[in-house]
2 protein chains.
Amino acid sequence: MARTVSERADVIPLIAEAFRDLGYDGASMSRITERTGLGKGSLYHFFPGGKEEMASAVLAEVDEWFDRHIFVPLRELPPREAIDGMWIAVNTYFLSGRRVCLVGAFALDETRDRFAGVVADYFWRWIEALADALCRKGYDSERAHALAEEAVIGIQGAIVLSRALDDEAIFARALQRMAARLAG
Amino acid sequence: MARTVSERADVIPLIAEAFRDLGYDGASMSRITERTGLGKGSLYHFFPGGKEEMASAVLAEVDEWFDRHIFVPLRELPPREAIDGMWIAVNTYFLSGRRVCLVGAFALDETRDRFAGVVADYFWRWIEALADALCRKGYDSERAHALAEEAVIGIQGAIVLSRALDDEAIFARALQRMAARLAG
DNA sequence: GTCTATACAGTGATAGAC
DNA sequence: GTCTATCACTGTATAGAC
């Protein structure tokens, strides 16, 4: 077994995927060890706080990704272009519904209480950024917020349903319907 | 400590709530013991198959509840009345978004693979029953199925978002928007 | 930085007294 | 039917050699 020296930043995406697939409780240290290829020693070296610190790091990275690729463009790009880009980014990121939203999954069980601030903030910023783009597109603030809320709800629900029925087409159809509604 | 004799049927709702709050992995035997007030001996007496049998029993009960209170009415009652009744039942059952959908939560992690058939069947029957009512209401089959799919997605997403932001109003608003869309 | 060894609390599960 | 005692195993976490 070769000793491959890793960096903390390289390990986080692997841990993130473990949490997405298995949930917070389901992702045990041994499962994370399997997926990262790192022993417990290395893992605790990078994350002295253990599992909770791993989840925090993962959430921070997810947050940062959405900020850069979705929230900031929604605020700064021309609204039509930004919203089109959001649908593409969402479809790519969630692998057509096969990949779960980590924050949404955490929201469903007691894990939410551990990371309540980050969880709420993530969704709040998403809705606000999308509503901002919709306002600049011509909607009044109330209508923009309603549409933004509905879109974020639709994405989360589409992930649940497409996974439940194991059918990517559900995710694709949901995204198309929502894109049409926001465009119209 | 008084020995209160229980029946299997009385225990299932308590176990269901444990799974909803904690997830499949998070609901350990000791946590289930706490919530049911039953020792492991009694629990394994009722469910010799352990946790997996408990989850199966819980899923079967959920299935049966939705069949009786939502799916059958959608097929047999006048469509307008049935759909109105569905929104009320959904709002009551999910406690305005505070209570998680057990099947939806299971769908998000590896628990889905354990109960893939039941999970898929639950959502499939919901969509089909709602589409049936919408057809009888005048929509063509394709449009009815799209609306039904969108409604089920919206309910699941609304649960995620209202829990994430800890805000029941989100669930209420989502239900109102969807009810209006199906009525219009 | 990575590993192995280890501690010990908690896990699902079983057996048997009452 | 309910409990307690106990099982083997896995959980998170730590210490120390390399």
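Residue numbers start from 1 in every chain, and the chains themselves are labelled A, B, ... in the order their sequence lines are given, proteins ahead of strands.
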Apply side chain to side chain contact (heavy atoms under 4.5 Å, CB included) to A/Ala16 and list each qualifying residue two or more places apart in sequence or on a separate chain.
A/Arg20, A/Val58

Can you check the A/Leu22 CG to D/dT12 C1' distance for me, whole Å?
16 Å

Closer to the 5' end of DNA chain D via nearest nucleotide, is it A/Gly26 or B/His45?
B/His45

A/Ile32 CD1 to D/dT10 C1': how many Å, rounded?
14 Å

Taking atom CZ as the centre, does A/Arg181 end up with more than 12 heavy-atom neighbours from other residues, nucleotides or ligands that are less than 6.0 angstrom away?
yes

Pairwise 5' ranking along DNA chain D for A/Ala27 and A/Gly41, keeping only the more 5' one:
A/Ala27

Figure out the CZ/C1' separation between A/Phe46 and C/dG1, and round it to whole Å.
7 Å

Can you tell me the distance, in whole Å, between the CZ atom of B/Phe47 and the P atom of C/dT14?
15 Å

Look at B/Arg173 together with A/Glu149 and state whether they make a salt bridge at an N to O cut-off of under 4.0 Å.
yes

Write down the distance between CG (B/Leu43) and C1' (D/dT4), rounded to a whole number of angstrom.
15 Å

Would you tabulate the pairs of protein nitrogen or oxygen atoms and nucleotide nitrogen or oxygen atoms of nucleotides 8-11 of chain C closer than 3.5 angstrom?
unit_1: C/dT11; atom_1: OP1; unit_2: B/Ser28; atom_2: OG; d: 3.1
unit_1: C/dT11; atom_1: OP2; unit_2: B/Ser30; atom_2: OG; d: 3.0

Does a side-chain N or O from B/Tyr44 land closer than 4.0 Å to OP1 or OP2 of C/dT14, or not?
no

Main-chain N/O of A/Ser141 paired with A/His145 side-chain donor or acceptor, under 3.5 Å:
yes

So B/Gly50, base contact, sugar-phosphate only, or nothing? Heavy-atom distance under 4.0 Å.
sugar-phosphate

A/Arg177 and A/Glu150 ion-paired at < 4.0 Å
no

Any Lys/Arg nitrogen of B/Glu17 or B/Arg99 sitting under 4.0 Å from an Asp/Glu carboxylate oxygen of the other?
yes

Which residues, if any, of residues 13-20 of chain A bring a heavy atom under 4.0 Å of DNA chain C?
none

Would you classify B/Gly39 as touching base, sugar-phosphate or nothing, given that sugar-phosphate means primed atoms plus P, OP1 and OP2, and contacts are heavy atoms under 4.0 Å?
sugar-phosphate

If the threshold is 4.0 Å, N to carboxylate O, is there a salt bridge linking A/Glu110 and A/Arg114?
no

When you measure from the side chain of A/Arg136 to the backbone N and O of A/Leu77, does any donor-acceptor pair fall under 3.5 Å?
yes

A/Ile83 vs A/Leu134 side-chain heavy atoms within contact, under 4.5 Å:
yes

